[in-house]
Amino acid sequence: MSCRKIPRSVTQSSKKRDFFLNLISKSTTTEHLNQTHTQIIRNGFSNDLVTITKLTQKLSDFGLMNQAYNLFSSFSKPDIFLFNVIIRSLSHNNHHSSSFSLYYQLRKKTSLKPDNFTYALLISSSSYLESPEIGYWIHCHSIIDGFQSDPFVGSSVADFYLKFNQVQNARKAFDKITNPDAVSWNTLISGLVRNCCFSESIKVFEGMLLSGTRFESTTLAAVLPAAAELQDMRTGKYVHCLAVKTGFFTHVYVLTGLVSLYSRCGDILTSKFVFEQINEPDLVSWNAIISGYSCNGEAGFSVKLFKDFIGSGFKADSSTIVGVLPVFSPFGHLCLCKSVHGLSIKFGVNLNSSVSTALITVYSRLNEIGSARKLFDEAPNKSLATWNSMISGYTQNGFTDSAINLFKHMQILEIRPNPVTLTSILSACAQLGAITLGKWIHELVIKEEFQSNAYVSTALIDMYAKCGSIDEANSLFENMKEKNVVSWNAMISGHGLHGKGDKALNLFTEMLNTGISPTGVTFLSLLYSCCHSGLISEGDRIFRIMKTDHSIEPGQEHYACMVDLHGRAGKLEQALEFIKQMPVEPGPGVWGALLGACMTRNNKNLAKVASDELFELDPGNIGHLVLLSNIYSTDQSYQEAAKVREIARRKNLKKIPGCTLIEVGGTTIKISRHQVFE
DNA sequence: TGTGTGTGTG
């Protein structure tokens, strides 16, 4: 008899509990939840662990941390469930250190055993701390308690190591998981991407597919940035197909990832197509397409989209600004740059470090070095990139002294340079002929262990070559482990500069034998070398094979070099003939080369032809007038020389005296070369 | 019978 009665009351009680659990779950407001709590107390369920655990969690989800904690504390004997819930609440409310106090309490003051839930939560908390030590401890405890192969614990351990940039340890933890689930794989893939291990992350993604684990849209979104970074279209297109097949092609994160991928690979049309498939593009989607157009030099579209974006009521964030800015510099759109700068102030992101860096870069490129410096001085949080952008801004605008001073300032502030900083400073040294500083930077490169960086070693080669130490440049080049096309170019033009055309040509043959494909710059360096060594027929041959053997269209600079090559040899008529047969309109560089040759060869008539073209094409440039006037003077045609000077005076043009830089006893000094029109 | 890890686009 009683046997029947007890179950009935248990059933009744359990039904009531279900009722309360349901009420808690459905509570949508704090008020509602508090009313439910009152009912729970009235019905004598305030000591029911199950109900209270659920209530505690809901309170914490509503951000009512204190109430949740009081409820927990009111229990003299909480079980592991309640402990886990309160640890989770603390961790979700950023009270990470309190979770560890609770863990301590759990181990010292109770006989409860932490389970896989407890460890997963605690390790996750550890990854938000400043240093990894506590995480190491918890990880050890979890191994001792036998949770090493648990996917929840294992995933959070892997994530913990990835957050502390310990990729190898993360891999070890992942490999210990018996049956990694989608979360485990996603954690590893995205963590590898955050640690810039792009190809590894793609390999893991392939491993996941082979393992047969069902991937999620988040998996595709996680691996796409790796494919974009490596410009790996094969993986990208494969992910695209998978997304279409599985129906994830509607998912905004996946689509946005594809937009970036195609933009990065230069396929802006597909990028635009994918963008149009996004139902409701969010801020990040807009940023992806705007920066996509921007990176691919599509200024008009980029600006139009940016306007559409602002017009749809979106608030630009720092990434929008950083994404749209680069498109302005190649086209000299100072006005647009200024208006985006204004918008960045309006949206309150102008002091963001990446925004100031992008603005400094774009103003520098537009030769607005004063505005760039103002932004630099006003930037409250200067990253290394901010310093670098200002230094290279100075270097590229020829303000080498300012670049070096800023670098010295960095040294005083004990800001450690990176390869980018040193590359810029080396370029400044090369421009200045500052060999002593250059050598000191070389020592710094060795100290910081940047020798293996291709950009740095190339900048060193260029610096030594331009400062006259061709042997030093050559020995560095010989010792480079991985030479890229830029290093070869630097060494070729180094030899050219030193009048060693034959060496430059031999190096080119060697380069082709190594399997490196030449670029336009390689040919420019070669033509330049031929020019400086008087190798006319070799120069002609190089110019020919450039197009026939290597499918590189010559640019204005190549044509100008060819005119120079013939001009220097005194074959002025041939040079003119060459210009006439050019398949593209000759630019100022080409006519300038002819004018220069006329100067050395005293050819007054041809000089007039070249000058007339130059006045049309490049009216603001005083250099041409100087050359022409000098030609007339040398020829003793003083009246004509005077006429040219008169034109210059009327145009209010004044020649900035040219100078040569040499280093004497560690100091660079200027030696005036021309003193014309002063 | 109440608790969970983690990830995503620029």
Side-chain angles (χ1 to χ4, degrees), chain A residues 13-14 17-18 20-21 24-25 48-58 60 72 78-89 91-92 114-127 142 147 150-160 162-163 173-174 177 180-194 201 215-229 248 251-261 263-264 271 274-275 278 281-292 294-295 316-324 354:
Chain A
S13 151
S14 131
R17 173 197 273 160
D18 284 348
F20 286 126
L21 291 178
I24 297 167
S25 300
D48 181 63
L49 259 174
V50 175
T51 314
I52 293 307
T53 305
K54 187 79 189 160
L55 183 61
T56 309
Q57 191 193 27
K58 197 74 178 177
S60 114
F72 162 77
D79 65 357
I80 194 67
F81 286 85
L82 189 50
F83 257 104
N84 289 343
V85 165
I86 201 71
I87 288 174
R88 176 186 171 271
S89 319
S91 138
H92 279 207
D115 59 10
N116 50 348
F117 284 66
T118 326
Y119 284 120
L121 288 163
L122 288 169
I123 292 164
S124 156
S125 268
S126 316
S127 46
S142 75
F147 293 112
D150 180 88
F152 287 103
V153 179
S155 304
S156 42
V157 171
D159 179 60
F160 161 78
L162 286 163
K163 284 205 171 109
F174 176 85
I177 306 173
D181 59 8
V183 173
S184 322
W185 288 99
N186 288 355
T187 306
L188 187 59
I189 294 168
S190 62
L192 286 170
V193 172
R194 282 201 312 270
S201 111
F215 61 86
E216 298 165 355
S217 69
T218 46
T219 317
L220 302 184
V223 75
L224 276 172
E229 190 65 39
F248 291 144
H251 201 295
V252 62
Y253 287 155
V254 174
L255 291 168
T256 307
L258 286 167
V259 169
S260 312
L261 169 89
S263 302
R264 289 291 289 273
S271 184
V274 177
F275 179 76
I278 308 177
D282 61 7
L283 176 64
V284 183
S285 321
W286 278 102
N287 288 351
I289 192 73
I290 292 171
S291 89
S294 199
C295 293
D317 74 351
S318 56
S319 298
T320 326
I321 305 291
V322 173
V324 75
S354 52

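Every heavy atom of this structure was used, including side-chain atoms; hydrogens, water molecules and symmetry mates were not. Just so we're on the same page: letters track the sequence lines, and every chain starts at 1. Keep in mind it's a predicted model, so treat the numbers as computed, not measured.
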Contact class for A:D317 vs. all strands (heavy atom < 4.0 Å): base, sugar-phosphate, or nothing? base
Heavy atoms under 4.0 Å, any strand shown: does A:P151 hit a base, just sugar-phosphate, or nothing? base
Look at the side chain of A:D48 and the base of B:dG2, then say whether one donor and one acceptor between them are separated by less than 3.5 Å. no
With respect to the side chain of A:S124, which nucleotide from B:dT9, B:dT5, B:dG8 is positioned closest? B:dT5
According to side chain to side chain contact (heavy atoms under 4.5 Å, CB included), who are the partners of A:A228, at least two apart in sequence or on a separate chain? A:L261, A:R264
When we call it a touch if two heavy atoms are under 4.0 Å apart, what does A:L121 touch: a base, just sugar-phosphate, or nothing? sugar-phosphate
Nucleotide nearest A:A222 when distance is taken to its side chain, options B:dG4, B:dT9, B:dG8: B:dG8
For A:D181 and A:S184, what are the C-alpha separation, side-chain angles and deciding distance, and is it a side-chain hydrogen bond (donor to acceptor under 3.5 Å, both in side chains)? CA-CA 5 Å; A:D181 59 8; A:S184 322; 2.6 Å; yes
Using only modelled atom types and a 3.5 angstrom limit, is any donor from either the side chain of A:T218 or the base of B:dT7 paired with an acceptor on the other? yes
Listed by chain and number, what are the salt bridge (charged side-chain N to carboxylate O under 4.0 Å, His left out) partners of A:D150, not counting sequence neighbours? none
Whether the side chain of A:N84 and the base of B:dG2 hold a donor-acceptor pair under 3.5 Å is what I'd like checked. no
Counting just side-chain N and O atoms, does A:H251 come under 4.0 Å of either OP1 or OP2 of B:dT7? no
By a 5.5 angstrom centroid cut-off and a 30 degree plane limit, is there stacking between A:F81 and B:dG2? yes
For A:K163, report the nucleic acid contact type (base, sugar-phosphate, nothing); a contact means any heavy atom under 4.0 Å. sugar-phosphate
